[in-house]
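Quick notes on the structure that follows.
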There are 2 protein chains.
Amino acid sequence: MFESTKLLRTHGIPVTAQRLAVLRAIREQPHGTAEAIAEEVRSKIGSISKQSIYNTLGSFVEKGLLRRIQPAGSPALYEGRVGDNHHHLICRACGKTVDVDCAVGKKPCLTAANDAGFVIDEAEVIYWGTCPACLVTTTK
Amino acid sequence: MFESTKLLRTHGIPVTAQRLAVLRAIREQPHGTAEAIAEEVRSKIGSISKQSIYNTLGSFVEKGLLRRIQPAGSPALYEGRVGDNHHHLICRACGKTVDVDCAVGKKPCLTAANDAGFVIDEAEVIYWGTCPACLVTTTK
DNA sequence: GTCAAGTTTTGGACTCAGTCCAATTTATTG
DNA sequence: CAATAAATTGGACTGAGTCCAAAACTTGAC
Ligand SMILES: [Mn+2]
Ligand SMILES: [Mn+2]
Ligand SMILES: [Zn+2]
Ligand SMILES: [Zn+2]
């Protein structure tokens, strides 16, 4: 039995071709948009509806199988690396997204100067900058 | 002469009723959406087009008069507090958004564990949690 | 293996936030 | 005040995501 099948079973999620294909697509696409994942899935199983992509990604995020990040000015990205509270570094020019380890590890990794009585569960950090490739292009 | 008029003049921005009204609306609305600001403007000068709202807010952000923040799952928010690199704390339940001072001050306030060769210009931090009011409601 | 019950998938309509565009109006400069 | 450049307008349009009802599945019990 496939690893992914087992993973779904242990989470009590019915096993479907679409869900297995999404799981597979995520492995190929470290930080993919819903659309990119849909394309990847289609290249493997022929077709999938937009709604199934969103259903699947959404429920996987809820179940903790996936993580969703929503950078400003970009559609949401999905990734399989969960549970380690890492952060992201995004190129303003080309959108290239790379993982940045969190020095602290556990969420929330930062303490707010004044928490205004909120109960904080996460400190989301996105580093913005220019990637090596785009640095070359812009300085030319 | 009004303060806002002076501000626009010193930035070489032609003074229009719409731009003055947007500036005024921002003062009433610490972290408002484009739509909220448009409503505030309409209540003062009668009407403004959607496009003018976006033109004005966009160019003010470019000129450094305003700051735009784009939290996951919400339209962009605009604020007049610029130049101090503060962060934000947002309630997952009701969206209430409050300022959090940055301990470091200057951008980028955090150093990435591994920068992958990027030149980082900003570390954007959003704290997510539950505000005092929503804490009461959910524990009930 | 078959069946019933409950889920999932589908496609198509729809919403929301934002952008594009051409025509009209307005601010600035001389 | 007139000329010029810039801003404003409304309306069409886009992209990302959601809503909905019908059809197709997966599962669990027999
Ligand atoms: Mn990641
Ligand atoms: Mn703020
Ligand atoms: Zn780049
Ligand atoms: Zn709240």
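Chain identifiers are assigned alphabetically (A, B, ...) following the order of the sequence lines, protein sequences preceding nucleic acid strands; residue numbering begins at 1 within each chain.
Counting side-chain heavy-atom gaps under 4.5 Å among Ile, Leu, Val, Met, Phe, Trp and Tyr, the cluster of A:Val98 also holds A:Leu89, A:Val100, A:Leu110, A:Phe118, A:Ile120, A:Val125, A:Tyr127, B:Leu89, B:Val98, B:Val100, B:Leu110, B:Phe118, B:Ile120, B:Val125, B:Tyr127.
Using a cutoff of 4.0 Å between basic side-chain nitrogens and carboxylate oxygens, A:Glu3 and A:Arg27 are not scored as salt-bridged. A salt bridge links B:Glu40 and B:Lys44; the closest N-O separation between the charged side-chain nitrogens and carboxylate oxygens is under 4.0 Å.
For the pair B:Leu8 CG and D:dA7 C1', the interatomic distance rounds to 13 Å; values are reported in whole Å. When the C1' atom of D:dC25 is taken as reference, atom CD1 of A:Ile13 falls 16 Å away, rounded to whole Å. When the C1' atom of D:dG28 is taken as reference, atom CZ of A:Arg9 falls 12 Å away, rounded to whole Å. A:Leu20 has its CG atom 14 Å from the C1' atom of C:dT9, to the nearest Å.
Counting any heavy atom pair closer than 4.0 Å across all strands shown, A:Gln18 reaches sugar-phosphate atoms only and no base atom.
Looking only at distances, a side-chain donor or acceptor of A:Arg42 sits under 3.5 Å from a matching main-chain atom of A:Ile48. No donor-acceptor pair closer than 3.5 Å links the side chain of A:Arg68 to the backbone N or O of A:Ala76.
Less than 4.0 Å separates DNA chain D from at least one heavy atom of each of the following residues of residues 46-79 of chain A: A:Lys50, A:Gln51, A:Tyr54, A:Pro75, A:Ala76.
The C1' atoms of five pairs define one axis at each end of the helix from C:dG1-D:dC30 to C:dG30-D:dC1, and these two axes lie 40° apart (to 10°).
The phosphate of D:dA16 has neither OP1 nor OP2 within less than 4.0 Å of any side-chain N or O from A:Thr33. Contact annotation: B:Arg19 does not reach the phosphate of C:dA27 (side-chain N/O to OP1 or OP2, under 4.0 Å).
Separation of atoms CD (A:Gln18) and CG (A:Leu23) is listed at 12.5 Å; rounding is to 0.5 Å.
Surrounding CZ of A:Arg24 are at most 12 heavy atoms belonging to other residues, nucleotides or ligands under 6.0 Å away.
Under the 4.5 Å side-chain heavy-atom criterion for ILVMFWY residues, a single connected hydrophobic cluster contains both B:Leu7 and B:Tyr78.
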